[in-house]
Amino acid sequence: MTAPIAKLSYWGVRGSTPTVDPATWRYGGNTPCLELTAPDGTQFILDCGTGLRMLGSRWGMPNGGGNPETHIFVTHYHWDHIQGIPFFSPLYAENNEFHFYSFRSKFLGRDSLKQVFEAQMALPYFPVDMSAMNAKRKFKEVEGGDTFTIGENKITARWLNHPQGCLGFRIETPAGTVAYATDNEPGDPKLDESLRELAEGADIFINDAQFTPEQLKTTRKGWGHSSWKEGVKLAREVGAKTLVLFHHDPDSTDRMVDSLLRQAREEFDSVFAASEGMVITLGSAGAGDSVQAHMPGMRTSLRKEAQFRAKVTGVTEGGKEFQEETVVRDISLQGALISLQNIPQLQSELQVTMQTPGENGSQSSMQLKGYVVRVDAGAEKGQIAVGVVFTD
Ligand SMILES: [Zn+2]
Ligand SMILES: [Zn+2]
């Protein structure tokens with residue numbers, strides 16, 4: 001018997017507004033959209049930010065996944081969580097069926113989400129009208145406190161502290177539990193308690209980490225967002241196993257997110273910063289080590305086959321520092337694929353010192369700092385293929 005597996009894919013991780021600034025490429029610029037495939041095959045989509053467009057395009061490809069029946073949870077109606085809807089191509093195919101779950105907004109009244117659809121697609125804001133959306137769409141109103149089941153999965157919705165309201169969702173699958181708590185600010189005792197209930201013992205706790213702890217106390221107080229520190233504190237309190245920092249500020253460059261992640265990792269064992277294309281599988285390695293993360297292929301072009309002898313220092317998955325010598329075979333201006341015996345921690349920093357042939361046969365060395373974006377089994381036994389993106 002094989003263990004049940006759930007797969008959580010990150011299609012959009014940026015908060016507030018999409019970014020295209022190259023300094024934000026590594027974590028990604030699309031606004032919130034996650035996809036969770038439960039062991040029973042039920043497909044969930046969490047939020048409809050601009051990441052939803054990419055998810056839809058992938059459905060069209062052979063073996064691209066996609067399920068004729070999908071359950072979509074919309075946490076609230078701020079732009080960054082609904083903007084992807086008109087660009088989600090599966091909505092225009094009549095064989096598809098979507099079940100939407102969201103709350104009744106006091107600003108919109110009955111059928112809030114349906115109204116959001118219509119308003120977004122009204123002329124002159126969008127050129128195609130609603131009649132072209134041929135997929136079956138069913139809308140269900142949920143509110144904080146509701147619990148229900150879909151297939152083998154138990155869903156809990158709770159209110160979070162955010163302007164105009166926001167729902168957090170907890171999805172318990174046979175492979176593990178995901179708590180999705182984007183857009184929330186600590187400080188309201190009742191809603192803080194709701195958040196704790198959502199995250200209680202979760203395998204994956206995705207929490208708003210838009211601001212620094214300092215911003216949260218001062219200039220950004222009352223904006224409806226949180227920080228890595230609050231996430232760590234709560235994850236500890238309720239025994240959540242892995243914390244995912246989410247809803248990155250549009251003004252946060254990759255370097256800034258790196259730094260937030262580094263600080264969070266100093267205080268909590270298992271933390272990732274949500275990154276576009278990242279996939280987390282739950283339940284794959286049995287109890288104790290049930291969460292595995294994979295990062296997308298490097299967004300690099302102009303890769304060159306080369307052979308540089310290099311010395312690599314970094315931190316292993318187990319948190320130990322290591323140093324080893326290797327040969328760098330595949331390099332580009334943005335990154336490299338390096339084969340190592342140590343397994344470096346995903347999203348940790350590596351120092352790569354390469355020996356390059358200098359003039360007149362002399363040797364010189366080039367030192368680069370990189371971030372681990374990918375760890376795979378290597379081509380040779382005992383070797384790990386490690387993808388790094390150079391950061392300077
Ligand atoms: Zn948001
Ligand atoms: Zn919001």
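Every number for a ligand or one of its atoms is a count from 1 in the order of the listing. Note that the structure is predicted; figures quoted are calculated from it, not measured.
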Legend entry - Contacts of type ring pair (Phe, Tyr, Trp, His ring centres under 6.0 Å), residue Phe126, not counting sequence neighbours: Phe87
Inset, instruction - Examine the side chains of Ser16 and Gln210 and answer whether a donor and an acceptor come within less than 3.5 Å of each other. - result: yes
Legend entry - side-chain hydrogen bond (donor to acceptor under 3.5 Å, both in side chains) partner of Lys138, the single match among His71, Glu69, Glu97, His99: Glu97
Inset, instruction - Report the C-alpha distance between Glu193 and Arg196 in whole Å, list the side-chain angles of each, state the deciding distance to 0.1 Å, and finish with yes or no for salt bridge (Lys or Arg N to Asp or Glu O under 4.0 Å). - result: CA-CA 5 Å; Glu193 184 53 33; Arg196 268 194 291 274; 3.1 Å; yes
Legend entry - Residues Gln43 and Thr70: side-chain donor-acceptor under 3.5 angstrom: yes
Inset, instruction - Check for a donor-acceptor pair, side chain of Arg170 on one end and backbone N or O of Glu200 on the other, with a separation under 3.5 Å. - result: yes
Inset, instruction - Sort by chain and number the protein N/O/S atoms found under 2.8 Å from the Zn ion (ligand 2). - result: His76 NE2, His78 ND1, His162 NE2, Asp183 OD2
